[in-house]
Amino acid sequence: MPNQKKSNTTSWDARKVREAQESAQDAPRKRKKKKRFPLGLYLLCVVIISAVLAGVGWLLANDLCSLDKEPATLVITVEEDDSVSDVAQKLKDGGLIKYKGFFCLMGKFFHAKSLIDPGTYELTSDMDYRCLIQSMHDYGAREVVRVTIPEGMTVKDVIDILVENHVSTREGLEDAAANYDFKDYEFLDDSRKGDIARLEGYLFPDTYDFYVWEEPESALARMLNNFNARTADLMEEIQDSGHSLHDIITVASIVEREGTGDAEERGNIASVLYNRINNPSRETAGFLQLDTTVYYALALEGKDKTAFTTELDSPYNTYLHPGLPVGPICNPSVASIKAAIHPNSTDYYYFAAGKDGINHFFTNSDDHYAFVNSDMYQPD
C-alpha cells in the first residue's frame, strides 16, 4: 500500500508539471516595451555636439590663420635633424602656434617637410601656418627646375607639366589660374574668373627656370610676363590689323592646333578662318566648323575625343556658333600669332589634313569633300 501511494503521487506530480508547461507555452508572451530615447534629449545632444565641433573648428581656424594673437617675435633655430614635429614644438613653446598636432597635419598640405630648411629665422605672431613654413625656407638655396612648355599646349596641359616637375601643386595652380587677381595684365578677362580657361592663349610656350614648390601664382605670372615681353613688338601690328588682341590670339591658337609648322601653311589656315568669318554669304555661312574647337570643349569637361559631337552645347563649338569661339584653344607660338596678324591672301574656304603630313586647301566644298572621301585624307 505505501508503494502504491508513492506511485500515484509521482504520477500526479508529473502530470501537473506537464500541464503547467503547456499552459505556459499557450499563454501569450508579453512584449517588452522599447525604451524610446527622448526627442528633446536627442536634439539637445545634437546641438551640444555641433556647438563643440564649431568651437573646436573656430579655435583651429584662429590658430591656422593667426587671428587674435598677441604681438610676438620669435627667433627660431632649425637644426639639421629637426622633424616637422620638432619645429612645431619650438613654435608652440615660443607662443606662435597653439596646436602642435594641427600644425603638423596642415604642414603636409603646405609641404613643410620639403620647405623647412636648417637655419635661424625671425618669425612673428602675425604669420599664419603657411607663412611660418615659407619663412623657414632658405630661398638662397632653393632648388630650381628647368621646364619646357611646348607650343600648342592648353592651360590644363601646362598645369600637368608644372605638377609633374614639382613646381607647385595641382590644387594651387588650378585655383590661381581660375581665381587669382593677376595685376597689370589688361588682356585677361576678369569676367571669366572662376574658369582656368581665362588664361588660355597667354601662358607663353618657352623654357623656364622655376623654383621647386614655387607659389602657383608666381609660376603662372612668369609665363604671363613672358607673353607681354614676347608680343610687345607686335602690339602696333595687332592694332593696325583691325582685330583685338583677344581675337588675334584666338585665331593664332587655332592655327597652332591645326597647322604642321610650315609658315606658308599657317598663313593659309589663318586666311580660311578670316574668309569664312568675313564672308558669311558663302556656303559656310560664317561657321568655322572646326573639330579642334570641339575637342577643346570636351577636354574642359574632362572628356576625350570619343565623345565628339557637332551638337555639343559649348561656346567653343564652331559647328553651332558662327565666328570665332569664345576664346583661344591653346597657347600659340609667335609664328602662329604673326600668321593671325598677317594671313595669306587666298580664296580658300576649306582645308583638310592629308596622309602626306600637310594640310590641303580648297576654294569650294565639292573639291574639299572629294579629297575627304579619297585615300589621301588623314582623319583625326
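All values below come from the heavy atoms of this structure, side chains included, with hydrogens, waters and symmetry mates left out.
- The aromatic rings of F361 and F351 are tilted relative to each other, their planes meeting at an angle between 30° and 60°.
- Environment of CD in E283: crowded, with over 12 heavy atoms of neighbouring residues, nucleotides or ligands closer than 6.0 Å.
- Y208 and F204 make their closest contact through OH-O, 2.5 Å (heavy atoms, listed as atom of the first residue, atom of the second, distance).
- Among residues at least two apart or in separate chains, there is no salt bridge (Lys or Arg N to Asp or Glu O under 4.0 Å) pair with a member in residues 365-376.
- The side chain to side chain contact (heavy atoms under 4.5 Å, CB included) check on S85 picks up S83, K100, C104, with sequence neighbours excluded.
- In this structure the side chain of L245 reaches within 4.5 angstrom of the side chain of M235, judged on heavy atoms.
- Under the 3.5 Å distance criterion, the side-chain polar atoms of T293 are matched with a main-chain donor or acceptor of Y316.
- The closest side-chain donor-acceptor pair between N225 and Y185 falls under 3.5 angstrom.
- Residues N331 and E151 bring no donor and acceptor atom of their side chains to less than 3.5 Å of each other.
- Contacts of R130 classified as side-chain hydrogen bond (donor to acceptor under 3.5 Å, both in side chains), with partners at least two apart in sequence or in another chain: E215.
- A donor-acceptor pair under 3.5 Å is absent between the side-chain atoms of K156 and the main chain of L300, judged by distance alone.
- Listed by chain and number, the residues in a salt bridge (Lys or Arg N to Asp or Glu O under 4.0 Å) with K108 amount to none (sequence neighbours excluded).
- Under the side chain to side chain contact (heavy atoms under 4.5 Å, CB included) criterion, P150 pairs with M153, I161, sequence neighbours left out.
- Checked against the 6.0 Å centroid threshold, F110 and Y129 do not count as a close aromatic pair.
- Of the N and O atoms on the side chains of T260 and E265, at least one donor lies less than 3.5 Å from an acceptor on the other residue.
- Counted by atom type alone, Q289 and Y350 present zero donor-acceptor pairs between their side chains at under 3.5 Å.
- With no hydrogens or angles considered, no side-chain donor-acceptor pair links T124 and T73 at under 3.5 Å.
- With sequence neighbours excluded, the residues forming a salt bridge (Lys or Arg N to Asp or Glu O under 4.0 Å) with E256 are R266, listed by chain and number.
- Residues meeting the ring-ring contact (aromatic ring centres under 6.0 Å, His included) test with H246, sequence neighbours left out: none.
- Between Y274 and H243, the angle of the ring planes stays under 30°, which puts this pair in the parallel group of the 30/60° scheme.
- Classified by interplanar angle (parallel below 30°, tilted 30° to 60°, perpendicular above 60°), the ring pair Y319/F308 is perpendicular.
- Shown here are the side chain to side chain contact (heavy atoms under 4.5 Å, CB included) partners of I277, two or more places apart in sequence or in another chain: L288, L324.
- Listed by chain and number, the residues in a side-chain hydrogen bond (donor to acceptor under 3.5 Å, both in side chains) with T250 amount to none (sequence neighbours excluded).
- Checking N268 against S271 by side-chain atom types alone, no donor-acceptor pair falls below 3.5 Å.
- Remark: side-chain polar atoms of N275 are paired, donor with acceptor, to backbone N or O of Y348 under 3.5 angstrom.
- Using a 4.0 Å cut-off between charged side-chain N and carboxylate O, R192 and D189 make no salt bridge.
- Annotation: D240, atom CG; neighbour count of heavy atoms from other residues, nucleotides and ligands within 6.0 Å is above 12.
- Applying the side chain to side chain contact (heavy atoms under 4.5 Å, CB included) rule to D175 yields the partners N179; only residues at least two apart in sequence or on another chain are considered.
- The salt bridge (Lys or Arg N to Asp or Glu O under 4.0 Å) search around K303 returns E301, not counting sequence neighbours.
- Take Y377 and apply the ring-ring contact (aromatic ring centres under 6.0 Å, His included) test, not counting sequence neighbours, and it matches no residue.
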